[in-house]
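All chains are named by letter (A, B, ...) in the order of the sequence lines, taking the proteins before the strands, and each is independently numbered beginning at 1. The analysis underlying the following values was restricted to heavy atoms, covering all of them including side chains, and did not include hydrogens, waters or symmetry mates.
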There are 2 protein chains.
Amino acid sequence: MSERVHSSSVTCPVARAIDVIGDRWSLLILRDALDGVRRFGDFQRSLGVAKNILSDRLRRLVEAEVLVLAPASDGSPYQEYTLSSTGAQLFPVVTAIRQWGEKNLFDRGEPYTRLLDTRTGKPVPVMKPLASDGSVLSADNTAIRRPG
Amino acid sequence: MSERVHSSSVTCPVARAIDVIGDRWSLLILRDALDGVRRFGDFQRSLGVAKNILSDRLRRLVEAEVLVLAPASDGSPYQEYTLSSTGAQLFPVVTAIRQWGEKNLFDRGEPYTRLLDTRTGKPVPVMKPLASDGSVLSADNTAIRRPG
DNA sequence: GCGACCGGGTTTTAAAATGCAACCTTGCAA
DNA sequence: TTGCAAGGTTGCATTTTAAAACCCGGTCGC
């Protein structure tokens with residue numbers, strides 16, 4: 001298990017994250033992976049992406065240790081792409097994107113796919129960044145501090 | 001003020017959102033915009049992106065009503081790109097990406113830029129999707145439901 | 001045992017996006 | 001009026017993406 005060396009001198013976590021997951025197909029792959037998709041063919045059918053592009057993005061995500069390539073769990077002789085623990089931690093990212101889309105990109109009455117809590121059947125409440133005292137944070141009351 | 005018509009038949013909010021903000025430069029522009037950057041030249045210096053590409057991305061974000069082009073607030077004869085209310089709602093998205101990067105893409109001891117609550121000076125706590133009863137949700141106990 | 005088919009790709013070639021440099025324009029300011 | 005900076009646009013070479021064709025190792029029908 002080799003230690004990854006991360007993108008040189010970039011000290012912004014957003015920029016590093018975007019190097020790994022910040023393109024259209026990678027994000028859609030992760031959306032599907034978080035919904036339980038594991039097989040090459042299933043990703044391809046779901047996304048409608050060219051096989052060479054899918055192959056490339058899956059390889060990059062495996063190299064970044066966001067996905068892990070493992071023997072299929074169902075006895076078929078193929079392999080499947082599963083989320084690593086790092087990859088599973090992207091659930092809040094995809095959920096935040098989803099919730100922004102839900103609130104801002106659909107007209108009233110227009111249907112969209114919903115994310116439900118399977119234990120209760122209810123929609124997942126909107127995520128908000130909270131301060132340590134529990135109050136809701138907006139961009140206005142935060143700031144970036146550079147290291148050093 | 002024309003009503004935008006959204007991307008046809010795509011019913012996944014993640015997919016629609018990615019059409020608007022799901023590329024490298026757009027996400028980095030939004031990171032900077034949420035940190036208070038407003039001017040073309042400031043985005044360019046911060047990102048190191050080619051001017052034509054920056055111009056294109058800013059135009060798209062304005063068309064998508066994520067950014068708004070307004071006269072500069074400081075009396076200079078130029079215009080500035082400010083976040084619309086839709087754009088400001090991307091704060092949880094960029095914050096989730098940032099927090100994933102912080103936890104997964106830096107080696108121990110390696111410095112990175114931090115997001116601080118300006119009222120307390122403390123780092124912003126990690127965002128998590130919560131169920132309606134306040135318990136933490138993971139991808140495992142959620143599911144997508146298609147409309148109709 | 002052999003031909004067809006399916007999963008999971010790679011290769012080839014054409015189209016589109018990107019990046020760089022040069023240029024243009026407007027508003028000052030010397 | 002010359003110069004200079006902000007905020008772009010344009011032209012062109014390079015890189016990335018996409019679509020389609022091809023390949024290759026199983027498995028299945030027979």
Could you check how far [atom1] of [X] sits from [atom2] of [N], rounded to whole Å?
X     : N      : atom1 : atom2 : value
B/L69 : D/dG7  : CG    : C1'   : 11 Å
A/F43 : C/dG7  : CZ    : C1'   : 15 Å
B/L54 : D/dG8  : CG    : C1'   : 10 Å
A/D42 : C/dG7  : CG    : P     : 9 Å
B/I53 : D/dG11 : CD1   : C1'   : 14 Å
B/D19 : C/dA17 : CG    : C1'   : 16 Å
B/R45 : D/dG7  : CZ    : C1'   : 11 Å
A/I29 : D/dT17 : CD1   : C1'   : 14 Å

Is the distance from OP1 or OP2 of [N] to the nearest side-chain N or O of [X] less than 4.0 Å?
X     : N      : answer
A/R59 : C/dT10 : yes
B/R24 : C/dT18 : no
B/W25 : C/dG19 : yes
B/R39 : D/dA6  : no
A/Y81 : C/dG9  : yes
A/S55 : C/dG9  : no

- Minimum-distance nucleotide to A/A50 side chain [options: D/dG7, C/dG19, D/dA19]: D/dA19

- Task: Measure from the side-chain heavy atoms of B/R57 and tell me the nearest of C/dG19, C/dT18, C/dG7.
- Result: C/dT18

- Task: Map A/V49 and A/Y78 onto DNA chain D by nearest heavy atom, then report which one ends up closer to the 5' terminus.
- Result: A/V49

- Message: Check this for me, if you would: do A/R45 and A/D42 make a salt bridge, where the nitrogen-to-carboxylate-oxygen distance has to be below 4.0 angstrom?
- Response: yes

- Hey, does the Lys NZ or Arg CZ of A/R108 hover above the aromatic six-ring of A/F106, less than 6.0 Å from the centre and inside 45° of the axis? no

- Examine B/R39 relative to B/F43 and say whether NZ or CZ is less than 6.0 Å from the centre of the six-membered ring and inside a 45° cone about the ring axis. no

- Query: So, B/R57 side chain and B/W25 main chain: donor-acceptor pair closer than 3.5 Å or not?
  - Reply: no

- Can you check whether B/A143's main-chain N or O pairs, donor with acceptor, with A/T118's side chain at less than 3.5 Å? no

- Query: Donor-acceptor pair under 3.5 Å: do we get one between B/N52's side chain and the base of D/dG8?
  - Reply: no

- Note on the structure: By nearest-nucleotide position on DNA chain C, the 5'-leaning member of B/K51 and B/R60 is B/R60

- Looking across every strand, which nucleic acid part, if any, lies under 4.0 Å from A/Q44 by heavy atom: base, sugar-phosphate, or nothing? nothing

